[in-house]
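Working notes for the structure below.
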Amino acid sequence: MPLKTKPIGTGLAAALVTALTLTLAGCSSDTTAPAAARADAGSDAKGSFGPADCRKAKCIALTFDAGPGEDTPHLLDVLKEKKVHATFFLLGKNHVKKYPDTVRRIADEGHEVANHTWTHKILTDRKPAEIRAELEKTQNAIAEITGRKPRLMRPPQGRTDETVSQISKDLGLSEVLWSATAKDYSTTDSALIRKRILDQAGKDGIILLHDIYKGTVPAVPGIIDELKKRGYTFVTVPELMAPAEPVPGTVYHP
C-alpha cells in the first residue's frame with residue numbers, strides 16, 4: 001500500500017515525497033532513479049530491452065501491488081489485449097499461495113513477477129530475522145510456482161532503511177518505489193483513479209496501482225489508452241532501466 005499522503009499533482013512532487021520518505025526512514029543505502037541507472041550503464045551492460053529503448057523513447061512502467069486477487073485474471077486479459085507488460089509486486093501468504101495459477105500466468109505472459117513481502121508488515125518496524133522471513137518466504141513461494149525467484153521487491157508503504165536494503169541485497173533483491181499513485185485503496189471511483197494517474201504520469205515514471213481493489217482494474221484500459229496517445233511506451237521496471245540491470249540492495253525511485 002502506498003504512503004497515505006495528500007494527492008500529488010505531478011511526478012516530480014511524487015518523487016520528492018518518496019525522497020522524504022527515505023530520509024524519514026533513515027535510509028542511507030544506495031538510491032537512484034531508473035533513468036540515472038540507465039545513463040550510467042557501461043558498454044558491457046546486459047539489461048534486456050523491452051518494446052523500446054528507453055534512452056530514446058518516452059517510457060513508463062505500470063506496476064501492481066498486493067495481488068494477485070480475484071480481479072487479476074481480468075487485468076491480465078486487458079494487458080494482453082493492449083499488448084502491455086507490467087510489473088506485479090505480489091503478496092505471499094494470502095495471495096501467491098491462494099492463486100498459484102494466476103501467478104503462473106503472470107510469469108508465462110511475460111510480466112515481471114516481484115516480491116511485496118509475505119504479510120505486508122512494515123519492514124522498518126521489524127527485527128532483521130522478521131524482515132528476512134517476510135521476503136524469503138515470498139521468494140520461495142513464487143519460485144515454487146514459476147521456477148524463478150524475483151529480483152525486485154517493493155517495501156510496504158515504501159518504508160525502507162539500511163537494514164531492509166542490506167537484507168534485500170543478501171536475497172538478490174532491488175527495491176522499487178514509484179512516482180505516481182492513485183491512492184486506489186481509498187476509492188472505488190475508476191474515473192478518479194484514472195485522473196490521478198494521468199495527472200501524475202511523466203517520462204521514466206513508475207505507476208503504482210493495486211489489482212485487489214474494485215475500482216482499479218476498470219480504470220486500467222483508459223490509463224493505457226490515454227498514455228499511449230501521449231506517446232508513452234509501457235515497459236517493465238527492469239526494461240525501464242535497460243541496458244542497466246537491477247542491482248540488489250539498491251533503492252530505485254523515479
Please round to the nearest 0.5 Å and tell me the distance separating atom [atom1] of [X] and atom [atom2] of [Y].
X    : Y    : atom1 : atom2 : answer
L173 : T250 : CG    : OG1   : 11.5 Å
I142 : K137 : CD1   : NZ    : 14.5 Å
F64  : L208 : CZ    : CG    : 9.5 Å
I224 : I60  : CD1   : CD1   : 11.0 Å
I206 : T181 : CD1   : OG1   : 12.5 Å
I145 : N140 : CD1   : CG    : 11.5 Å

Exam field: side chain [X] to backbone [Y], donor-acceptor pair closer than 3.5 Å:
X    : Y    : value
Q139 : L135 : no
H116 : G67  : no
E130 : K127 : yes
R194 : V220 : no
S179 : P254 : no
T87  : T63  : no
K149 : E136 : no
H111 : A86  : yes
H95  : P68  : yes
S190 : G215 : yes

Pairing donors with acceptors under 3.5 angstrom, does anything connect the side chains of [X] and [Y]?
X    : Y    : result
T216 : D184 : yes
D161 : T124 : no
E175 : S165 : yes

Walk me through whether D77 and K82 qualify under salt bridge (Lys or Arg N to Asp or Glu O under 4.0 Å). CA-CA 9 Å; D77 291 341; K82 303 291 184 183; over 6 Å; no

Got [X] and [Y] here, is their nearest side-chain heavy-atom distance under 4.5 Å?
X    : Y    : result
P243 : K46  : no
Q157 : I122 : yes
P34  : V237 : no
I207 : Q200 : no
R38  : C54  : yes
P128 : I167 : yes
V113 : F88  : no

For a quick test of reading the model, state the closest non-hydrogen atom pair linking [X] to [Y] and the distance between them.
X    : Y    : value
Y252 : A37  : CE2-CB, 4.0 Å
V247 : S174 : O-OG, 2.8 Å
P248 : P246 : CD-O, 3.6 Å
P150 : A114 : CB-CA, 3.8 Å
K214 : E70  : NZ-OE2, 2.6 Å
L240 : A61  : CD2-CB, 4.3 Å

Test applied, side-chain contact (heavy atoms from CB on, under 4.5 Å); reference residue, M153; option that passes from L171, V164, T160, T138: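 One option only clears the test, and that one is V164.
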
Please identify which of these residues, V84, I223, T233, meets the side-chain contact (heavy atoms from CB on, under 4.5 Å) condition with K228.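 With K228 as partner, side-chain contact (heavy atoms from CB on, under 4.5 Å) holds for just one option, V84.
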
With a 6.0 Å cut-off (strictly less than), is the heavy-atom count around NZ of K93, excluding the residue itself, greater than 12?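 For K93, atom NZ is not crowded (no more than 12 foreign heavy atoms under 6.0 Å).
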
I'd like to know whether NZ of K58 has more than 12 heavy-atom contacts from other residues, nucleotides or ligands below 6.0 angstrom.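 Counting neighbours around NZ of K58, more than 12 heavy atoms of other residues, nucleotides or ligands fall under 6.0 Å, so yes.
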
Count I, L, V, M, F, W, Y as connected when their side-chain heavy atoms are under 4.5 Å apart, and connections chain through other members. Are [X] and [Y] then in the same cluster?
X    : Y    : result
V78  : I106 : yes
V96  : F89  : no
L76  : Y99  : no
W118 : L123 : no
L209 : L75  : yes

For D40, side chain to side chain donor-acceptor pair (under 3.5 Å) partners two or more places apart: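 Counting only residues at least two positions away or on another chain, D40 forms no side chain to side chain donor-acceptor pair (under 3.5 Å).
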
Applying side chain to side chain donor-acceptor pair (under 3.5 Å), name anything that partners K121, two or more places apart in sequence or on another chain.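 Scan of K121 (side chain to side chain donor-acceptor pair (under 3.5 Å), adjacent residues dropped) gives T119.
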
Pair K56-D53, side chain to side chain contact (heavy atoms under 4.5 Å, CB included): steps then yes or no: CA-CA 6 Å; K56 303 172 183 177; D53 182 343; 4.0 Å; yes

Please lay out, stage by stage, how D170 and R132 fare under the test salt bridge (Lys or Arg N to Asp or Glu O under 4.0 Å). CA-CA 9 Å; D170 293 346; R132 185 177 295 275; 3.1 Å; yes

Qualifying disulfide bond (SG atoms under 2.5 Å apart) pairs, either residue in residues 216-254, two or more places apart: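 The answer is none; no pair qualifies.
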
Show your working on salt bridge (Lys or Arg N to Asp or Glu O under 4.0 Å) between R104 and D101 and close with a plain yes or no. CA-CA 5 Å; R104 191 174 296 110; D101 290 343; 2.9 Å; yes

Please step through side chain to side chain contact (heavy atoms under 4.5 Å, CB included) for the pair D211 and D71, ending with a clear verdict. CA-CA 7 Å; D211 46 326; D71 294 330; 5.9 Å; no

Full working for side chain to side chain contact (heavy atoms under 4.5 Å, CB included) between D30 and V251: CA-CA 6 Å; D30 291 336; V251 179; over 6 Å; no

Verdict with supporting geometry, R151 and E112, salt bridge (Lys or Arg N to Asp or Glu O under 4.0 Å): CA-CA 9 Å; R151 52 183 168 167; E112 184 77 17; 2.8 Å; yes

D199 and K195 ion-paired at < 4.0 Å: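 Salt bridge: yes.
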
